Amino acid sequence: MKLYNTLTREIEEFTTRVPNVVSMYTCGPTVYHFAHIGNLRTYIMEDILEKYFKYRGYRVNRVMNITDIGHLSSDADTGEDKMLLGAKREKKTVLEVAKYYTDAFLQDCAKLNIVIPEKFIPATVEVEEFIQVISVLEKKGFAYKAGGNVYFDTSKLKEYHKFFKFKEDDLEEGVRDGVEKDKNKRNKNDFVLWFTQSKFDDQALKWDSPWGIGYPGWHIECSCISMKYLGEYVDIKCGGVDNIFPHHTNEIAQSEAFLGHEWCKHWFHTLHLNIVGGKMSKSLGNFLTLSSLEENGHTAMEYRFFCLQSHYRKALQFSEESFTNAANAYQKLKEKILALQESGAVDRGIFDKFTTKFIAAMDNDLNTALAITTIYDILKENTNASTKIALLKSFDSVLSLNLFVQEEWIQKEKKDIALTEREILAKIEERARAKKEKDFAKADAIRDALAKEGIVLIDTASGTTYTIK
RNA sequence: GGCGCUAUAGCCAAGUGGUAAGGCAUGGGUCUGCAAAACCCUGAUUCCUCGGUUCAAAUCCGAGUAGCGCCUCCA
C-alpha cells in the first residue's frame, strides 16, 4: 500500500522493519479539557489506518500516550501547565482532572468506533524512563542546564529540521499569542527536557531527579514511551499536522541523539478540521464537541462518515451545510443497507471485483472518499443481496460505520416518543377509517398531530406504518 | 519575514497525459385524496487566472491570484 510520508513529502510504498508487523505510535490526548471534533478527526483517521493495516494482513503493535503532565503553554518562566490550569478551573487535583477527561475521551472514542490501543500510557507513570533518557542525553553532550532547567542543545545536531528546510534565523519567536521567549536557551530551537522547582511553586506533580525536584518537558514523553513499548525502531508515527513542528521535530532530535541511529521512517499527519475563518482549537474557543453535535440531533456515526468522505491530507471545512449533507447521506445510505435481506449465495466473482476496487482506493494513500463511492457502486450492482451484504460487512470492518447496526434508531424511539406503540397504531386505525369515509380533513389532522410528536406516517400499498424522526 | 499545503457544480468529492465518477442538496416526474417516504430523470463545452510543453492538459512546466496551516500550548 502507498502512503504519504511527511518526511520525504512523497507518496511512497509503506514498508515495515519486520515483515507483516507494523509498530505504530500515535500521539494521544492532552487531558485537560474535552476533545473537540477536530481532535477526533485525527483519531478517526488513525483508527482507519490501523484497521486497514489489519485488513491487509499486518499485525499491529500500537501505542498511544496520555499527556497528563508537563504540557506548558510556553517554554518561558511565565508559562502555565495546562493540566494545572484545568485543575484550578475545576477545583480538582491534577490527577482527578486527568482521569475525568481521559474517561470523556474514551467515551467519545467508543461512540465513534475508534479502537484505543491496549497500550494507552499516561506520561505520569513513566517519569523514571524520561529521567534515564535525559541523563543519557546529558552524558552524550546533547543537553545542558540553564536557569534550573535542562535543555536539549539543537546545535549539536547535523540536521535539526527534518521535515521542512527552515533556516534558524528565519524563525520568528513568539509568533503566537501567549508564547514568550525563554532567555535560558542557547539556540532558538532548543527545548526543555526537564523543569525544576524553580518554575512554579504550585506545580502539583513533581518528581525527584538528578537536576532537582521538578517535572518533564512535553516532548520527551512520546519519545520515551515509544522506545519503551516499541523498541528502538518504530515504523510509523502519527498525529495532527500541528505536531510536525515543534513536537515531532523535537522527538526526532532527542530520540535519534539518544539512539544514535534513524528512529522512524514514516510519518503520518492528518490535516485540521476548519470552521469558517480558520482552524478549530481549544485556545481559540471556537470548538465543537461530539456531545454538542449529539445535542443537535446528530450522531457520532454521521460525524465519522463526514470525516471519511474527505481525505485525511486535506483540510476539511466544517459548516452547517457540509455536515448536514454528510449526515443526510449517511442516513440514506444506511436505510438502503438495512433494507437488504440475505438471498442467494455469495458471488465470488462480484465479491472479488469490488474487493479489488476497495483495496485500490485504500491502498492509494487511504482514499476513503473513493472507498465510500465503492459502497454506492455495490448497492447499484446487479447481484444478489447476500453478495452485497458480504462485501459491505467486509468493508465495514475497516470503515466502522455501523452499517448494519440499528441501535441509533431504537435509542431515538425510546427517548423522544410520548405515545406508546398501541396508541400510535390506534391513531393510524382511526385515520384509515376517516380516509375510507373520505373525511380527509380529519385524516390529515391525525397525521399532523402525530408528526408534531415526531411520528411520521408512511403509506404503502399494504397499509400504513410509521417511523420516528 | 521564513517554511509548507490547497484550489474541480450550491456543498462534499473522484481524477496521477486520452476527452469531467459518485454522494448530498435543488428542480421535474411516477405513486398519493393531498402529502411524506420510496423510485426514475435532472446538472461543469470545462477544472482559480494567464502563459508554455504536447497530436492530446483538470492532470506536466512557469508566472500570478485567493484561501489555509506552521514558526516552541495545539489533533
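Chain letters run A, B, ... following the sequence lines, proteins first, then strands; residues in each count from 1. Note that the coordinates shown come from a computational prediction; the quantities given were computed from them, not determined experimentally. Below, each value reflects all heavy atoms present in this structure, side chains not excepted, and no hydrogens, waters or symmetry copies.
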In this structure, is the centre-to-centre distance between the rings of A/Tyr303 and A/His298 below 6.0 Å?
no
At under 4.0 Å between heavy atoms, what does A/Gly239 touch on the DNA or RNA strands: base, sugar-phosphate, or nothing?
sugar-phosphate
Sugar-phosphate means primed atoms, P, OP1 and OP2; the rest is base. With that split, encode nucleotides 15-22 of chain B 5' to 3' as B, S or - using protein heavy atoms under 4.0 Å.
SB----BS
Side chains of A/Asp365 and A/Tyr312: donor-acceptor distance under 3.5 Å anywhere?
yes
Touch class at under 4.0 angstrom, heavy-atom based, for A/Ala315 against every strand present:
nothing
Under a 3.5 Å cutoff, is there a donor and acceptor pairing between the side chains of A/Asp47 and A/Asn113?
no
Could you tell me whether A/Tyr101 and A/Tyr32 have their ring centroids closer than 6.0 angstrom?
no
Atom-to-atom span, CG of A/Leu316 to C1' of B/rC11 - whole angstrom
12 Å
Categorize A/Lys332 for me: base, sugar-phosphate, or nothing, with a 4.0 angstrom heavy-atom threshold over every strand shown.
sugar-phosphate
What's the closest nucleotide to the A/Glu335 side chain, out of B/rC12, B/rA14, B/rA38?
B/rA38
Euclidean distance, atom CG of residue A/Asp439 to atom C1' of B/rC34 [Å, nearest integer]:
14 Å
If we call it a pair only when both distances are under 3.5 Å in a Watson-Crick or G-U wobble match, what pairs with B/rG67?
B/rC5
Partner of A/Trp267 under ring-ring contact (aromatic ring centres under 6.0 Å, His included), chosen from A/Tyr4, A/Tyr25, A/Phe14, A/Phe163:
A/Phe163
Does the B/rG33 base have a donor-acceptor partner in the side chain of A/Asp444 within less than 3.5 Å?
yes
G-U wobble or Watson-Crick pairing nucleotide for B/rG62 (cut-off 3.5 Å, both distances)
B/rC50
Who is the Watson-Crick or G-U wobble partner of B/rC39, with both distances under 3.5 Å?
B/rG29
Identify which nucleotide among B/rA75, B/rC12, B/rG33 has an atom closest to any side-chain atom of A/Arg431, counting heavy atoms from C-beta outward.
B/rG33
Nearest 0.5 Å, please: how far is CG in A/Leu316 from OG1 in A/Thr270?
11.5 Å
With heavy atoms under 4.0 Å as the rule, sort A/Thr270 into base, sugar-phosphate or nothing.
nothing
Using a heavy-atom cut-off of 4.0 Å across all strands, would you classify A/His161 as base, sugar-phosphate, or nothing?
nothing
Residue pairs fulfilling salt bridge (charged side-chain N to carboxylate O under 4.0 Å, His left out) with at least one residue in residues 317-326 of chain A, sequence neighbours excluded
none
Produce the list of close N/O pairs, under 3.5 Å, pairing protein atoms with atoms of nucleotides 27-32 of chain B; give distances to one decimal.
none

Sequence neighbours excluded - side chain to side chain donor-acceptor pair (under 3.5 Å) pairs with any residue from residues 238-254 of chain A:
A/Tyr160-A/Asn250, A/His219-A/His247, A/His219-A/Asn250, A/Ser223-A/Gln254, A/Lys237-A/Glu251, A/Asp242-A/His272, A/His247-A/Glu251, A/His248-A/His269
Looking just at side-chain N and O atoms, do A/Glu221 and A/Thr67 make a donor-acceptor pair shorter than 3.5 Å?
yes
Please tabulate, one pair per line, each protein N/O and nucleotide N/O from nucleotides 40-42 of chain B that are separated by under 3.5 Å, including the distance.
none

Atom OG in A/Ser394, atom CG in A/Asp396: separation rounded to 0.5 Å?
9.5 Å
Report the nucleotide, chosen from B/rU72, B/rC39, B/rG33, that has the shortest atom-to-atom distance to any side-chain atom of A/Lys336.
B/rC39
Considering only heavy side-chain atoms of A/Asn325, the closest of B/rC11, B/rA13, B/rU72 is B/rC11
Using a cut-off of under 3.5 Å, enumerate the N/O to N/O pairs linking the protein to nucleotides 2-7 of chain B.
unit_1 : atom_1 : unit_2   : atom_2 : d
B/rG2  : O2'    : A/Asp170 : OD2    : 3.1

Exactly one of A/Glu437, A/Arg431, A/Lys435, A/Glu430 should register a side-chain contact (heavy atoms from CB on, under 4.5 Å) with A/Lys442. Which one does?
A/Glu430
Nucleotide of B/rA75, B/rC68, B/rG33 approaching A/Ala443 most closely (side-chain heavy atoms):
B/rG33
Which nucleotide in the set B/rA35, B/rA75, B/rU72 lies at the smallest distance from any side-chain heavy atom of A/Asn250?
B/rU72
May I ask you to say whether A/Asp182 pairs ionically with A/Lys185, meaning some side-chain N is under 4.0 Å from a carboxylate O?
no
With a 4.0 Å cut-off on heavy atoms, is A/Leu273 in touch with a base, just the backbone sugar-phosphate, or nothing at all?
base
Within the structure shown, what part of the strands sits under 4.0 Å from A/Ile244 by heavy-atom distance: base, sugar-phosphate, or nothing?
nothing
